[in-house]
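Everything on this sheet refers to the single structure shown next.
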Amino acid sequence: MAAEDARRQELTRLVMAAKPASFWLDSRDAPSVRAPLRGEVACDLAVVGGGFGGLWAALLAKEANPGRSVVLIEGSRIGWAASGRNGGFCDASLTHGAVNGRERFPAEFETLERLGTENLDAIEAATGHYGFDCEFERTGTLSVATEDYQVEELRAADGAKFLDATAVRAEVDSPTYLAGSWDAGSTAMVHPARLAWGLAAACERIGVRIAERTPATGLASDADGVTLRTRHGVLRARRAVLATNAFPSLVKRLRPYIVPVYDYVLVTEPLTAAQLASVGWRNRQGVADSGNQFHYYRLTADNRILWGGYDAIYHFGRVIRTSYDQRPATFTRLAEHFFTTFPQLEGIGFSHRWGGAIDTCSRFCAFFGTAHRGRVAYALGYTGLGVGATRFGARVMLDLLSGERTELTELEMVRSKPLPFPPEPFAYLGVQSVRWSLDQADRRSGRRNLLLRGLDAIGMGYDS
Ligand SMILES: Cc1cc2nc3c(=O)[nH]c(=O)nc-3n(C[C@H](O)[C@H](O)[C@H](O)COP(=O)(O)OP(=O)(O)OC[C@H]3O[C@@H](n4cnc5c(N)ncnc54)[C@H](O)[C@@H]3O)c2cc1C
């Protein structure tokens, strides 16, 4: 026990020596701040939110119709929130993975998979076309089994190459791996902040106006269109897109559908050539282990390891607060798990530690709709897999605003909604009970208790 405590203290010291900031945002390439919106401004399309969702919506709207005036307002800085803090796994899945998608949308799952692949291809094409300097590497994801019961699940995974223990360890070497499956084409690794900054620059190049430090504080509409009140002005628009993710929606009736859940990340110092050789990882895949509470990890361009996930922390009352970006207990736990996975890297330090809020909804993939008699569109609830899917969500929002029936507006995924979460204290008690149950399931070879099976039965079950 004393040895365990001493080890934990040592790891706490190690992680607390890291800089409390997103590795991606902590960059000399960060653009300087854009002026806020002042006075009264009018445009055809207003976009609220300067993460991936809003940026893609502005870019795609302007590309489709260069004559349309588009203004994007961002409450803080472009890409400062989830879009600049994530793992950088840009996944083709629109449904938070195949298991979730097949279960929720069996009739159109193949269509959603095709649309997801087209979406990822289009992100790759835009990266080339606009020259986003976002370290795009289409490496795929390696899912790894660290418990016996997970091996058969991986063997059954469609579209992926099954690897036995020797083969998976030849890819990435951890003594904890029992098997793996490598889906080589369906995920790209990106530098997410640079993707956001590149998108913003591309938007401006084709004529989108971007205002930072411009939180919208109110939304109203009349026959002429939409009015957004901001701190120093008013933005009037014929139509508006809301891409505000985990933050309180300007359409109040949407708030019960989302709970902000915090996810945490560590990044190591760059690996030396010898350290990298001890892990292998020549194909540079993103890696995810297969428990309900899972880790995701990857190499950065300068060969650090980004290591995130596992804990998912919800604060009573759906509160988002800067102080929640840091959680020493979680960082220590992440470091413990890191060295269990890669004991050969003992002694390496961590350069960055951070957290961020995820817009969790009860079906674990985005939902869409309109408000203010079709003048406002929203996409929300990406639940931790929105780096790629936000581009699809942007297309859906623009199609919904067009008032036309398109392939996207007719999807069941677009026409249906998840179940809302209950009010407090039930939301808090519910999330804590589910977390506890998932932890128990991870300790009991994946066996789900009564609560999880009940939630599965009403379509609120979580399975990574
Ligand atoms: C730690 C972490 C790791 C993750 N890892 C991955 C991953 O590896 N792969 C993956 O696919 N997904 C991942 N995600 C999720 C992914 O980052 C998000 O799904 C995606 O970035 C969402 O983009 P967004 O534009 O919807 O939201 P955000 O990037 O959060 O942008 C929303 C913006 O809206 C602005 N805003 C809100 N309200 C207002 C207002 N009233 N007025 C003006 N502006 C407003 C905010 O300031 C913010 O900038 C992760 C998330 C976190 C937190």
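The analysis underlying the following values was restricted to heavy atoms, covering all of them including side chains, and did not include hydrogens, waters or symmetry mates. Residue indices begin at 1 and follow the sequence shown. Order of appearance sets the numbers: ligands from 1, and atoms from 1 within every ligand. As the structure is a prediction and not an experimental result, all values here were calculated from the model.
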Exercise for review: Compute the ring centroids of Phe247 and Trp80, then answer whether they are less than 6.0 Å apart.
Suggested key: yes
Practice item. State whether the shortest distance between N or O atoms of Gly75 and N or O atoms of ligand 1 falls below 3.5 angstrom. Key: yes
Exercise for review: Could you say whether the N/O atoms of Gly54 and ligand 1 ever approach to under 3.5 Å?
Suggested key: no
Point to revise | Polar atom proximity, Gly384 to ligand 1 (N or O, under 3.5 Å) | key: yes
Exercise for review: Give yes if a backbone or side-chain nitrogen or oxygen of Glu74 is under 3.5 Å from a nitrogen or oxygen of ligand 1, and no if not.
Suggested key: yes
Can you list, pair by pair, the side-chain donor-acceptor contacts under 3.5 Å of residues 368-376, counting residues two or more places apart and other chains?
| residue | atom | partner | partner atom | Å |
| --- | --- | --- | --- | --- |
| His372 | ND1 | Ser221 | OG | 2.8 |
| Arg375 | NE | Asp222 | O | 3.4 |

Review point. Salt bridge or not for Lys161 and Asp183, using N-O below 4.0 Å?
Key: no
Check your understanding: What part of Tyr382, side chain from CB on, backbone N/CA/C/O, both or neither, has a heavy atom under 4.0 Å from ligand 1?
Key -> side chain
Exercise for review: List every atom of ligand 1 that sits less than 4.0 Å from any heavy atom of Thr214, numbering the atoms from 1 in the order shown and giving each element.
Suggested key: 43 (C)
Check your understanding: Which is it for Trp80 and ligand 1 at heavy atoms under 4.0 Å: side chain, backbone, both or neither?
Key -> side chain
Check your understanding: Below 3.5 angstrom, do we get any N/O pair linking Gly356 and ligand 1?
Key -> no
Review point. Between Trp354 and ligand 1, does any nitrogen or oxygen pair lie at a separation below 3.5 Å?
Key: no
Check your understanding: Any side-chain donor-acceptor pair under 3.5 Å between Thr383 and Thr360?
Key -> no
Practice item. Could you name the option among Thr141, Asn86, Asn245 that has the heavy atom nearest to atom 28 (P) of ligand 1? Key: Asn245
Review point. Does any donor atom in the side chain of Asn283 or Glu171 lie under 3.5 Å from an acceptor atom in the other side chain?
Key: yes
Review point. Which part of Thr390 is near ligand 1, with near meaning a heavy atom under 4.0 Å away: side chain, backbone, both or neither?
Key: side chain
Point to revise | Asp91 heavy atom under 4.0 Å from ligand 1 | key: no
Check your understanding: What is the nearest protein non-hydrogen atom to atom 51 (C) of ligand 1, stated with its residue, atom name and distance?
Key -> Ile358 CG1, 3.6 Å
Practice item. Scan side-chain atoms only and decide if Asp91 and Ser93 contain a donor-acceptor pair under the 3.5 Å cut-off. Key: no
Point to revise | Ala243 neighbourhood, listing ligand 1 atoms whose heavy-atom distance to it stays under 4.0 Å | key: 32 (C), 33 (C), 34 (O)
Check your understanding: Counting only heavy atoms, which portion of Phe52 has something under 4.0 Å from ligand 1: side chain, backbone, both, or neither?
Key -> both
Exercise for review: Taking only heavy atoms of Ala81 into account, list the atoms of ligand 1 that are under 4.0 Å away from them.
Suggested key: 30 (O), 48 (C)
Check your understanding: Does an N or O from Leu250, backbone or side chain, lie closer than 3.5 Å to an N or O of ligand 1?
Key -> no
Review point. Can you tell me the protein heavy atom closest to atom 2 (C) of ligand 1 and the distance?
Key: Asp263 OD2, 3.6 Å
**Study point:** Interatomic distance, Thr409 atom OG1 to Asp399 atom CG [nearest 0.5 angstrom]
**Key:** 6.5 Å
**Study point:** Nearest candidate to atom 23 (O) of ligand 1, where distance is taken over non-hydrogen atoms, out of Ser83, Gly50, Gly355, Gly386
**Key:** Ser83
Point to revise | Identity and distance of the protein heavy atom lying nearest atom 41 (N) of ligand 1 | key: Ala216 O, 3.0 Å
Practice item. Determine, using heavy atoms of Thr217 and all atoms of ligand 1, whether some pair is separated by less than 4.0 Å. Key: no
Exercise for review: For the pair Tyr310 and His337, name the ring-plane relationship: parallel under 30°, tilted 30 to 60°, perpendicular over 60°.
Suggested key: perpendicular
Review point. Should we say atom NZ of Lys19 is surrounded by more than 12 heavy atoms from elsewhere, each under 6.0 Å from it?
Key: no
Check your understanding: Should Glu204 and Arg34 count as an ion pair when the cut-off is N to O under 4.0 Å?
Key -> yes
Practice item. Can you pull out the closest protein heavy atom to atom 9 (N) of ligand 1? Residue, atom name and distance to 0.1 Å, please. Key: Phe89 O, 2.8 Å
Check your understanding: Going by the atom numbers of ligand 1, which of them fall below 4.0 Å from some non-hydrogen atom of Pro215?
Key -> 42 (N), 43 (C)
Practice item. Record the part of Tyr296 in heavy-atom contact with ligand 1 below 4.0 Å; permitted values are side chain, backbone, both and neither. Key: side chain
Point to revise | Residue Tyr428 excluded, over 12 heavy atoms near OH under 6.0 Å | key: no
Check your understanding: Quick one: which ligand 1 atoms are inside 4.0 Å of a heavy atom on Gly88?
Key -> 8 (O)
Practice item. Could you tell me whether the side chains of Ser416 and Arg363 share a donor-acceptor contact shorter than 3.5 Å? Key: yes
Check your understanding: Going by distance alone, is a donor N or O of one side chain under 3.5 Å from an acceptor N or O of the other, for Thr227 and Arg236?
Key -> yes
Pairs of donor and acceptor atoms involving the side chains of residues 118-126, under 3.5 Å and at least two apart or interchain, shall be tabulated with distances.
| residue | atom | partner | partner atom | Å |
| --- | --- | --- | --- | --- |
| Glu118 | OE2 | Arg114 | NH1 | 3.1 |
| Asn119 | OD1 | Arg391 | NH1 | 3.0 |
| Asn119 | OD1 | Phe392 | N | 3.3 |
| Asn119 | ND2 | Gly388 | O | 2.8 |
| Asp121 | OD1 | Arg138 | NH1 | 2.9 |
| Asp121 | OD1 | Arg138 | NH2 | 3.1 |
| Glu124 | OE1 | Arg138 | NH1 | 2.8 |

Review point. What residue and atom, counting heavy atoms only, is the protein's closest point to atom 25 (O) of ligand 1, and at what distance?
Key: Gly53 N, 2.9 Å
Study note, to complete from the structure: Going by the 4.0 angstrom heavy-atom rule, the piece of Val48 near ligand 1 is side chain
Check your understanding: Any Lys/Arg nitrogen of Asp44 or Arg239 sitting under 4.0 Å from an Asp/Glu carboxylate oxygen of the other?
Key -> no
Review point. Got a sec: does the CZ of Arg282 have more than 12 other heavy atoms crowding it under 6.0 Å?
Key: no
Point to revise | Side-chain donor-acceptor contact under 3.5 Å, Thr217 with Arg231 | key: no
Practice item. Run the ring-centre check on Phe367 versus Tyr257 and record whether the distance is less than 6.0 Å. Key: yes
Review point. Do any nitrogen or oxygen atoms of Arg77 lie less than 3.5 angstrom from nitrogen or oxygen atoms of ligand 1?
Key: no
Check your understanding: Should you measure from each heavy atom of Val265, which atoms of ligand 1 turn up under 4.0 Å away?
Key -> 1 (C)
Practice item. Would you check the N or O atoms of Ala357, main chain and side chain alike, for any that come under 3.5 Å of an N or O of ligand 1? Key: no
**Study point:** Shortest protein heavy-atom distance from atom 38 (N) of ligand 1, along with the residue and atom involved
**Key:** Thr244 CG2, 3.4 Å
Practice item. Give the residue, atom name and distance (to 0.1 Å) of the protein heavy atom nearest atom 34 (O) of ligand 1. Key: Gly49 CA, 3.3 Å
Check your understanding: Do any nitrogen or oxygen atoms of Arg85 come within less than 3.5 Å of a nitrogen or oxygen of ligand 1?
Key -> no
